[in-house]
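The structure under discussion appears below in the form of structure tokens.
Every chain is numbered from 1, with letters handed out A, B, ... down the list of sequences. Because the structure is a prediction, the values reported are computed rather than measured. All heavy atoms count here, side chains included; hydrogens, waters and symmetry mates do not.
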Amino acid sequence: MTQPIIEMKGVVKSFGQFHALYGIDLTIREGEIVVIIGPSGSGKSTLIRCINQLEQHNSGAIVVNGIEIGRGRRRAAQVEVGMVFQSFNLFPHMTVLRNVALGPARVRGLSWAHAEERAKRLIVRVGLEDHITKYPGQLSGGQQQRVGIARALAMEPKVLLFDEPTSALDPEMVGEVLDVMQQLAKTGVTMVVVTHEMGFARKVADRIVFMDGGRIVEQGRPTEIFNAPQDPRLRSFLQAILSH
Amino acid sequence: MSIFDTFLNWKVFVQTLPLLLSGLTTTLTLGITAIILGFIGGLVLSLVRLYANTPFRQLAIAYIDVFRSIPLLVLLVVVYYALPFVGIRLSPFGAAASALSIVSAAYSAEIFRAGIEAVPRGQFEAAHAVGLSPWRLMGDVVLPQALKIVIPPITSNSINVMKDTALASVVAMPDLLKQATQAQALAANPTPLISAALIYIAILLPLVRLVSIFEKRLAGRGR
């Protein structure tokens, strides 16, 4: 068994009166592809946003790459964890190249020349070599999201988080982004993916985590989750999502 | 005497022009100094107001509110005529530049704050996710976008500062207006005043136009 890269113990997050996470225990090992599914409002996004501290948990412990994160240790997590956003969030005033090179140059301390070299390799890898000098506004949604993936990869993170990476895309662009993610999954990088793309989950995930009401209700291999769901909530969720 | 001899007297105009131009130089120097200091001060104040710890934040809020409430002329008179009683004696230029910068910084701070707050949350999150330090986050990601947003209001504020330099004539600073009134007394003819008015318009009208163009362009881009 490989090393655990993320360990969450009793993680609680509330927004005022509303409890988004009720004591989450979750261990993710190096190289694992974990897909988190569940109805909207079930806490999936909050969970991964806690892992890189875009949301700060109220109690419990989160250990990323051996470092307990939390107050005062926010950046430690952010430097080791890459994030791909639903709405891309590329920097609109920078070219594609600059977007991807920024992290390595500013955070990893690479020279701009080295950072751009690394950025170019990644941009080629996501198939956008013809768009290197363009600005995000000149790209389609699918292309922007692939830049988002390259930007996250450029930091050589220990873990890549995906927060509904295809939910804001037109249907014809979902495929190109999922293809890149699938390629990525084969390279051994650790991925935690929140998505409604059940085809992707079934094909790519090592483990599927089903959440509802701020709790992890059931988890297991894709075959177990899809073919033999135990919890009635998971069953009705799958029925609702797969029936149309 | 015809209206031309009285208000647009060519001979008087030519005679007093050197005086007016020296006044114009002073006005521009004063205006640009205050605009630059107000810009820097405003930027610092807006960051303190948004991100500093509570006592500093409250100080920034107090500063911004107080200096947006006080009439500039009153502040100028206080700085020039009252401060000497506590041993602070400023030249007319120093007094005018301080008063203008202090007030401009307060207004600029509110403009910058609005600009920073207009940058989408996702930009901050993406910068955090990339692991940027707070300074890099501001310098590389947020401020370039915020500054673009505030170009029209900041230009507008700069026009106001330039116009308000005329108040400095009250503290005997030889700016454009002061020199014009001087010249009018010497020539016993109001032509220098008309000339001064036209010079102000000639300098500021293009800037006013520019603001409209900026605003249109920003609106056209739809963000």
Among [options], which has the most heavy-atom pairs under 4.5 Å with chain B?
{"options": "A:N52, A:V81, A:L102", "result": "A:L102"}
{"options": "A:M83, A:R106, A:H93", "result": "A:R106"}
{"options": "A:Q86, A:R49, A:M155", "result": "A:R49"}

query: Are B:Y107 and B:F67 close enough that their ring centres sit under 6.0 Å apart?
result: no
- request: Not counting sequence neighbours, which residues clear side chain to side chain donor-acceptor pair (under 3.5 Å) with B:R121? List them please.
  value: B:E125
message: I'd like to know if the side chain of A:Q145 reaches the main chain of A:G142, judged simply by a donor and an acceptor atom lying under 3.5 Å from each other, with no hydrogens or angles considered.
response: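 A pair under 3.5 Å: no.
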Contact origin within [X] toward chain B - heavy atom pairs under 4.5 Å:
{"X": "A:L161", "result": "neither"}
{"X": "A:F85", "result": "side chain"}
{"X": "A:R108", "result": "neither"}

task: Identify the two heavy atoms, one from B:I149 and one from B:G115, that lie closest to each other, and give their separation to 0.1 Å.
output: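 Closest approach of B:I149 to B:G115, heavy atoms only: CD1-O, 3.9 Å.
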task: Could you tell me whether A:E116 and A:K120 have a side-chain N and a carboxylate O separated by less than 4.0 Å?
output: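 Salt bridge: no.
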